[in-house]
*Asks:* 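Okay, handing you the structure first.
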Amino acid sequence: MEENNIASAGNFIEKIIDEDIKNNINNGRIVTRFPPEPNGYLHIGHAKSICLNFGLAEKYNGTCHLRFDDTNPAKEEMEYIRSIKEDIKWLGFDWKKHEYYASDYFDKLYEIAVKLIKEGKAYVDSLGPEEIREYRGTLTSPGKNSPDRDRSVEENLDLFEKMKNGEFEDGKYLLRAKIDMSSPNLNMRDPALYRIKRMSHHRTGDNWCIYPMYDFTHPLSDAFEEITHSVCTLEFEDHRPLYNWSVDESGVPSKPRQIEFARLNLNYTIMSKRKLLTLVEKGYVSGWDDPRMPTISGIRRRGYTPESLRDFASRIGVAKSNSTVDFALLEHCLREDLNVKAKRVMAVLDPLKVIITNYPEGKTEMLEADNNPEDESMGKREIPFSRKIYIEKDDFMENPPKKYFRLSPGKEIRLKHAYYVTCTDVIKDPDTEEIIEVHCTYDPESRGGWTEDGRKVRGTSHWVSAAHAFEADVRLYSHLFTSENPEEATGNFLDDIAQDSLEVLKGCKLEPSLLKAVPGESFQFLRKGYFCADSVYSNPGAPVFNRTVSMRDTWAKLQKAAAKKM
RNA sequence: UGGGGCGUCGGCAAGUGGUCAAGCCACCGGUUUUUGGUGCCGGUAUCGUAGGUUCGAAUCCUACCGCCCCAGCCA
């Protein structure tokens, strides 16, 4: 079974792992980890990393840890931990018992720092932030040694302990690695290992007033957990020598290997926690879970499925070149998933009244409708039909252009699952000339939407019975930004915010079965798109719908192209 | 100007010296269709540039060019 897919190559990380397994590194054991800092909500970019790390573990029969990189209490909160766990689970991954926190390692980390001091590999520095910067040198010129660099081991030990015991104010001292102030890699110019920061930590409370830095904590956490492949994003490439330094000098036997890949960029949106936070704080969106947000919680509320996201992650691949993926690919994955899963229903978003003049007044009949033509097992349902119905306003045109095969005077169309109708009359408001009603006759022989004479009826419209439909709000969304690469033009992404990314439609007419829609449940509103009941605005018996994504619309595309030519 | 990376179709991305340079999305045709949806069929690149090595190079060498990252006591 495994042998027949030699041709299916796999990404460059899998090649590295294959090679490691071949060379019997770590006895073939594979352990990865997803290490978020709990300082915000997860977004689609994180989903790529989650799918990658958990996916590697699955593929190689290994394990994937969830580890919170919580070494900076200034930005971290319990709420973020809760949401991160929720989002990973929703995506369909399970870290089982492997839930870890960098803060759980604070004691061990401290001990290793002491060991480094004893070995003369770390020192306590009294230089201030500005001085540190000056001493560091620049990209093109080497740095110079701090006057404290040769402080005695005893003094360093004493000072570090006092740092820990809270005897100094914040920022007074810094524990630094003693590496090389003239290294061409700035990360190696005696990087900070510990800073003094009096701040309550969400898990360790006030136990500590010194906190370890990322470059010290992360590699060692990986080593403690015996991670074999530590996958991170490209900007950490420069940190790899320091990562290895930390692991090697710590004396921990485990030797995790850091591998870097390109983070995900998507056009028409942003993928930076800082910028997303700005959108929330400045009120451009209703929250982290606003359906327009690229956060996992946002797109979940919007109606995206975990399967579509995982499919997306596998299709975009994993490589090292900075790239921007077309949002249309995500939408494609979504539609493909929803197409086979979503129940078809009829909803008229912009209603136009139609009277079927030869249909008996007061009569109601139930018509049978497929729930999903892609999947017969989803069964059928009954929908009510009567003399007065609604169709979509743009499914009627008094003076239609060529190739318009919806309703127009004298033309016959099919009402989905119902009858053929022919337009006989157009009623207008005498003052405004606005079309307020259309009259049709129906062919009783066409019940169900076809006739025995085999006559071709090209257009098919969805509809709802006026007496049986209920009204609801439907919320339409489009890209939050007007440009593919927000910020590119002016340097400020806020300049590219779309003014009309949310459109709330009131009084839409929905078929009765939708009254029972459960928050989060997805439907295909026939010919209009995929929609789901909103989890925040819906009330029992009064659902509010989000448009998850529209249908592909070849006709609209043709119209747009034609308009452009004129 | 130092260091680390990356450059293959409009967007992703395979390809690691040898049949027509995979596949997906997008786009354009056609076809099917009780969703102008879905499905199906077909179309679209000589590989950043310039040299070189070789019978043969996207794949090796050289030199250029372009883009990204690094000077937090953030991660």
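The analysis underlying the following values was restricted to heavy atoms, covering all of them including side chains, and did not include hydrogens, waters or symmetry mates. If you're wondering where the values come from, they're calculated on a predicted model, not measured in any experiment. Throughout, protein chains are lettered first and strands after them, A, B, ... in sequence-line order, and every chain is numbered starting at 1.
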*Asks:* Would you mind telling me which of B/rC73, B/rG36, B/rC28 lies closest to the side-chain atoms of A/R136?
*Replies:*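 Shortest atom-to-atom distance from the side chain points to B/rC73.
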*Asks:* Quick check on B/rA75: is either OP1 or OP2 less than 4.0 Å from any side-chain nitrogen or oxygen of A/T217?
*Replies:*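 No.
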*Asks:* Find the distance A/N187:CG to B/rC74:P and express it as a whole number of Å.
*Replies:*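 Nearest whole value for this atom pair: 14 Å.
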*Asks:* With a cut-off of less than 4.0 Å, is there a side-chain N or O of A/R414 near OP1 or OP2 of B/rU33?
*Replies:*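 No, no such contact exists.
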*Asks:* For A/R189, answer base if it contacts any base atom (sugar-phosphate contacts may also be present), sugar-phosphate if it contacts only those atoms, and nothing otherwise; contact means non-hydrogen atoms under 4.0 Å.
*Replies:*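 Counting heavy atoms under 4.0 Å across all strands, no contact is made by A/R189.
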*Asks:* Quick one: on RNA chain B, does A/K416 or A/G317 contact a more 5' nucleotide (nearest heavy atom)?
*Replies:*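 First, find each residue's nearest nucleotide; the 5'-ward one identifies A/G317.
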*Asks:* Taking only side-chain nitrogens and oxygens of A/R527, does any of them come within less than 4.0 Å of OP1 or OP2 of B/rG36?
*Replies:*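 Yes.
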*Asks:* Using a 4.0 Å heavy-atom cut-off across all strands, classify A/Y404 as base, sugar-phosphate, or nothing.
*Replies:*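 The residue A/Y404 makes base contact.
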*Asks:* May I ask you to evaluate whether A/K320 reaches the phosphate of B/rG4, defined as a side-chain N or O under 4.0 Å from OP1 or OP2?
*Replies:*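 No, because none of the side-chain N or O atoms of A/K320 sits under 4.0 Å from OP1 or OP2 of B/rG4.
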*Asks:* Whom does B/rG29 pair with, Watson-Crick or G-U wobble, provided both distances fall under 3.5 Å?
*Replies:*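 Partner of B/rG29: B/rC41.
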*Asks:* Let's test your reading of the model: under 3.5 Å, does the base of B/rU35 pair with the side chain of A/Q524 as donor and acceptor?
*Replies:*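 Indeed, a donor on one side and an acceptor on the other fall under 3.5 Å apart.
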*Asks:* Would you indicate what A/Y211 reaches in the nucleic acid, counting non-hydrogen atoms under 4.0 angstrom: base, sugar-phosphate, or nothing?
*Replies:*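 Nothing: the residue A/Y211, judged by heavy atoms under 4.0 Å, touches no strand.
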*Asks:* Please determine whether a side-chain nitrogen or oxygen atom of A/T71 lies at a distance below 4.0 Å from atom OP1 or OP2 of B/rC74.
*Replies:*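 Looking at the OP1 and OP2 atoms of B/rC74, neither is under 4.0 Å from any side-chain N or O of A/T71.
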*Asks:* Do the numbers put A/K197 on top of the ring of A/Y211, so that NZ or CZ is under 6.0 Å from the six-membered ring centre and no more than 45° off the axis?
*Replies:*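 No - A/K197 does not lie over the ring of A/Y211 by the 6.0 Å and 45° rule.
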*Asks:* Check this one for me: any side-chain N or O of A/K528 less than 4.0 Å away from OP1 or OP2 of B/rG36?
*Replies:*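 No.
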*Asks:* Do the rings of A/Y442 and A/F385 sit parallel, tilted or perpendicular, given the 30° and 60° boundaries?
*Replies:*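 Plane angle between 30° and 60°, so tilted.
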*Asks:* A/R458 CZ to B/rG37 C1': how many Å, rounded?
*Replies:*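 Result: 14 Å.
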*Asks:* Among the candidates B/rC73, B/rG4, B/rG7, find the nucleotide nearest to the side-chain atoms of A/D238.
*Replies:*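 The answer is B/rG4, which lies nearest to the side chain.
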*Asks:* Do A/D453 and A/T451 meet the criterion of a side-chain donor-acceptor pair at a distance under 3.5 Å?
*Replies:*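 Yes, a side-chain donor-acceptor pair sits under 3.5 Å.
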*Asks:* Nearest to the side chain of A/R133 - B/rG5, B/rU16, B/rA71?
*Replies:*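 Among B/rG5, B/rU16, B/rA71, the one nearest the side chain of A/R133 is B/rA71.
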*Asks:* Measure the spacing between CG of A/L174 and CZ of A/R195 and express it to the nearest 0.5 Å.
*Replies:*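 Result: 9.5 Å between the selected atoms.
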*Asks:* What integer number of Å spans the C1' atoms of B/rC65 and B/rC55?
*Replies:*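 After rounding to an integer number of Å, I get 32 Å for this pair.
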*Asks:* Provide, to the nearest angstrom, the distance between the NZ atom belonging to A/K560 and the C1' atom belonging to B/rA26.
*Replies:*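 So the two atoms are 14 Å apart, to the nearest Å.
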*Asks:* Does any donor-acceptor pair link the side chain of A/R240 with the base of B/rG4 at a separation under 3.5 Å?
*Replies:*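 Such a pair does not exist between side chain and base.
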*Asks:* Of the nucleotides B/rU35, B/rC73, B/rG36, which has the atom closest to the A/P373 side chain?
*Replies:*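 Nearest to the side-chain atoms of A/P373, counting from C-beta on, is B/rU35.
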*Asks:* Would you classify A/Y173 as touching base, sugar-phosphate or nothing, given that sugar-phosphate means primed atoms plus P, OP1 and OP2, and contacts are heavy atoms under 4.0 Å?
*Replies:*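 Contact class for A/Y173: none.
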*Asks:* When you get a sec, tell me which of B/rU16, B/rC27, B/rG36 is the closest nucleotide to the side chain of A/R552?
*Replies:*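 Looking only at side-chain atoms, A/R552 lies closest to B/rC27.
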*Asks:* Round to the nearest Å and state the distance from A/L127 atom CG to B/rA71 atom C1'.
*Replies:*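 In whole Å, B/rA71 C1' lies 15 Å from A/L127 CG.
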*Asks:* Tell me which nucleotide among B/rG36, B/rC74, B/rC68 gets nearest to the side chain of A/E37.
*Replies:*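 Closest nucleotide among those given: B/rC74.
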*Asks:* B/rU16, B/rA13, B/rC74: which one has an atom nearest the side-chain heavy atoms of A/K75?
*Replies:*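 Nearest nucleotide to the side chain: B/rC74.
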*Asks:* Could you tell me if A/Y41 and A/E79 have a donor-acceptor pair between their side chains, going purely by distance under 3.5 Å?
*Replies:*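 Yes, A/Y41 and A/E79 have a side-chain donor paired with an acceptor closer than 3.5 Å.
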*Asks:* Does the side chain of A/H462 get closer than 4.0 angstrom to OP1 or OP2 of B/rU35 through an N or O atom?
*Replies:*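 It does not, given that no N or O in the side chain of A/H462 lies less than 4.0 Å from OP1 or OP2 of B/rU35.
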*Asks:* Is A/S323 close enough to B/rA13 that one of its side-chain N or O atoms is under 4.0 Å from OP1 or OP2 there?
*Replies:*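 Checking B/rA13 against A/S323, a side-chain N or O does come within under 4.0 Å of OP1 or OP2.
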*Asks:* Between B/rC27 atom P and A/F327 atom CZ, what is the distance in whole Å?
*Replies:*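 Value for this atom pair: 15 Å.
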*Asks:* Name the orientation class of the two ring planes belonging to A/F525 and A/F531 (parallel below 30°, tilted from 30 to 60°, perpendicular beyond 60°).
*Replies:*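 Correct class here is parallel.
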*Asks:* Report the glycosidic orientation of B/rG72: syn if within 90° of 0, anti in every other case.
*Replies:*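 Nucleotide B/rG72 adopts syn.
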*Asks:* For the side chain of A/V325, starting at C-beta, report the closest nucleotide among B/rC12, B/rC74, B/rC69.
*Replies:*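 Among the listed nucleotides, the one closest to the side chain of A/V325 is B/rC12.
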*Asks:* Measuring only between side-chain heavy atoms, which start at C-beta, is A/S308 closer than 4.5 Å to A/E336?
*Replies:*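 A side-chain contact is absent here, since even the closest heavy-atom pair is not under 4.5 Å.
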*Asks:* Residues two or more places apart in sequence or in another chain: which of them pass ring-ring contact (aromatic ring centres under 6.0 Å, His included) with A/Y243?
*Replies:*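 If we apply the ring-ring contact (aromatic ring centres under 6.0 Å, His included) test to A/Y243, skipping adjacent residues, there are no hits.
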*Asks:* Heavy atoms from C-beta onward define the side chain here; which of B/rC12, B/rC73, B/rG5 lies closest to that of A/T324?
*Replies:*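 Per side-chain heavy atoms of A/T324, the pick is B/rC12.
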*Asks:* Counting distance alone, no hydrogens or angles: does the base of B/rG3 have a donor or acceptor under 3.5 Å from a partner atom on the side chain of A/E237?
*Replies:*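 For A/E237, whose side chain was compared with the base of B/rG3, there is no donor-acceptor pair (under 3.5 Å).
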*Asks:* Have a look at A/G143 and say if it touches a base, only the backbone sugar-phosphate, or nothing, with a 4.0 Å heavy-atom cut-off.
*Replies:*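 Here A/G143 touches no strand at all.
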*Asks:* Calculate the interatomic distance between A/D311 atom CG and B/rG23 atom P; express it in whole Å.
*Replies:*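 It is 18 Å, rounded to the nearest whole Å.
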*Asks:* Start at the 5' end of RNA chain B and walk down; is the nucleotide closest to A/T140 or to A/H218 reached first?
*Replies:*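 Residue closer to the 5' terminus by nearest nucleotide: A/T140.
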*Asks:* With a 4.5 Å cut-off on side-chain heavy atoms, are A/H202 and A/P38 touching?
*Replies:*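 In contact.
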*Asks:* Whom does B/rC60 pair with, Watson-Crick or G-U wobble, provided both distances fall under 3.5 Å?
*Replies:*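 Answer to the pairing question: B/rG52, which forms a Watson-Crick or G-U pair with B/rC60.
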*Asks:* Take atom CG of A/D215 and atom P of B/rA75, then tell me their distance rounded to the nearest Å.
*Replies:*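 The answer, rounded to whole Å, is 8 Å.
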*Asks:* Between A/Y214 and B/rA75, do the rings stack, that is, sit under 5.5 Å apart with planes less than 30° off each other?
*Replies:*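 Here A/Y214 fails the 5.5 Å or the 30° condition.
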*Asks:* What is the nucleic acid contact for A/K557, judged by heavy atoms within less than 4.0 Å: base, sugar-phosphate only, or nothing?
*Replies:*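 Sugar-phosphate contact only.
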*Asks:* How is A/V318 classified with respect to the nucleic acid when contacts are heavy atoms under 4.0 Å: base, sugar-phosphate, or nothing?
*Replies:*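 Answer is sugar-phosphate: A/V318 comes under 4.0 Å of backbone atoms only.
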*Asks:* Which part of the nucleic acid does A/T138 contact within heavy-atom distance under 4.0 Å: base, sugar-phosphate only, or nothing?
*Replies:*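 It contacts base atoms.
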*Asks:* Side chain of A/M213 only, please: which of B/rC25, B/rC70, B/rG72 is the nearest?
*Replies:*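 Nearest listed nucleotide: B/rG72.
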*Asks:* Rounded to the nearest Å, what distance is computed from the CG atom of residue A/L558 to the P atom of nucleotide B/rC27?
*Replies:*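 Rounding to the nearest Å, CG of A/L558 and P of B/rC27 are 11 Å apart.
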*Asks:* Does A/R176 reach a base, just sugar-phosphate, or nothing at all? Heavy atoms under 4.0 Å.
*Replies:*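 Contact class for A/R176: none.
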*Asks:* Counting only Watson-Crick or G-U wobble pairs whose two distances fall under 3.5 Å, which nucleotide matches B/rC6?
*Replies:*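 Its partner is B/rG66.
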